[in-house]
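Step one of this worksheet: look at the structure below.
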Amino acid sequence: MKYIVVTGGVVSGLGKGVTISSIGRMLKNCGLKTTSIKIDPYLNTDAGTMSPFEHGEVFVLDDGGEVDLDLGNYERFLSVRLSRDHNITTGTVYQEVILKERRGDHLGKTVQVVPHITDEIQDWIERVAVTPVDGSGCCPDVCLVEVGGTVGDIESMVFLEALRQFQFRVGQENMCLVHVSLMSVLGSVGHAKRICCPLLFWWVDDYHQ
Ligand SMILES: NC(=O)CC[C@H](N)C(=O)O
């Protein structure tokens, strides 16, 4: 399994979803089976209770999951059928970890953001990535993962840390990063200011070690 992670920088609404959908479509046209996962760092467990003015229309999946509109683009571009598990939010991850804690899965242990939340995110991605989505019953070859919002959002940090660790779990040769960012050129300076996304460069430096 190969993973392509797409993040965004500076402002949202730059087209991460369309970037994922387009990359996925090109890979599909090359004969690869593609799937996708959308991470929404907000606390809501789904998009169903949010006003369309917040994040756009709510897309309803075959299994009734009310999710971010990006999943609608993935379905249309990649000719796949996704499930509610293809949308991960901070709310769903914490809910799952707290459920396990209450069930006694971690008895005697301190349940923490690292490693319990970060491990849950990685387990979740690995589990859902292999789910057949194109009706053929075959496991996909490539999983595209979109991190919603921007890398500068505090609520995104746990997902970025999980994905940073994920490269070591799956092997760096199996994961690549695409960053969609606004590179502003200030009139007085005359060149693009890459300092606009410092968090990402910390992440990428680690990625290429
Ligand atoms: N803060 C957020 O979770 C942003 C989610 C938003 N749906 C996005 O895709 O960017």
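First listed ligand is number 1; within each ligand, the first listed atom is number 1.
Side-chain N/O atoms of Asn87 and Asp40 include a donor and acceptor closer than 3.5 Å. Side chain to side chain, Ser83 and Asp85 fail the donor-acceptor criterion of an N or O pair below 3.5 Å. Of the N and O atoms on the side chains of Glu146 and Tyr74, at least one donor lies less than 3.5 Å from an acceptor on the other residue. With hydrogens and angles left out, the side-chain atoms of Gln122 and Glu126 include no donor and acceptor closer than 3.5 Å.
The shortest N/O to N/O separation between Ser12 and ligand 1 does not fall below 3.5 Å. At least one N or O atom of Gly149, backbone or side chain, sits closer than 3.5 Å to an N or O atom of ligand 1.
Counting only heavy atoms of the protein, atom 5 (C) of ligand 1 lies nearest to Asp40 OD1, 3.2 Å. Regarding atom 9 (O) of ligand 1, its nearest protein heavy-atom neighbour is Lys38 NZ, 2.6 Å. With respect to atom 6 (C) of ligand 1, the closest heavy atom belonging to the protein is His55 ND1, 3.3 Å. The single protein non-hydrogen atom nearest to atom 1 (N) of ligand 1 is Glu155 OE2, 2.6 Å, given as residue, atom name and distance.
Shown in contact with Gly148 at under 4.0 Å from a heavy atom are these atoms of ligand 1, numbered in order with element: 8 (C), 9 (O), 10 (O).
Test Gln112, Arg102, His116 against Val97 for side-chain contact (heavy atoms from CB on, under 4.5 Å) and you get one pass: His116.
Atom OG1 of Thr89 and atom CZ of Phe159 lie 6.5 Å apart (nearest 0.5 Å).
Contacts of Asp68 with ligand 1, taken as heavy-atom pairs under 4.0 Å, involve the side chain alone.
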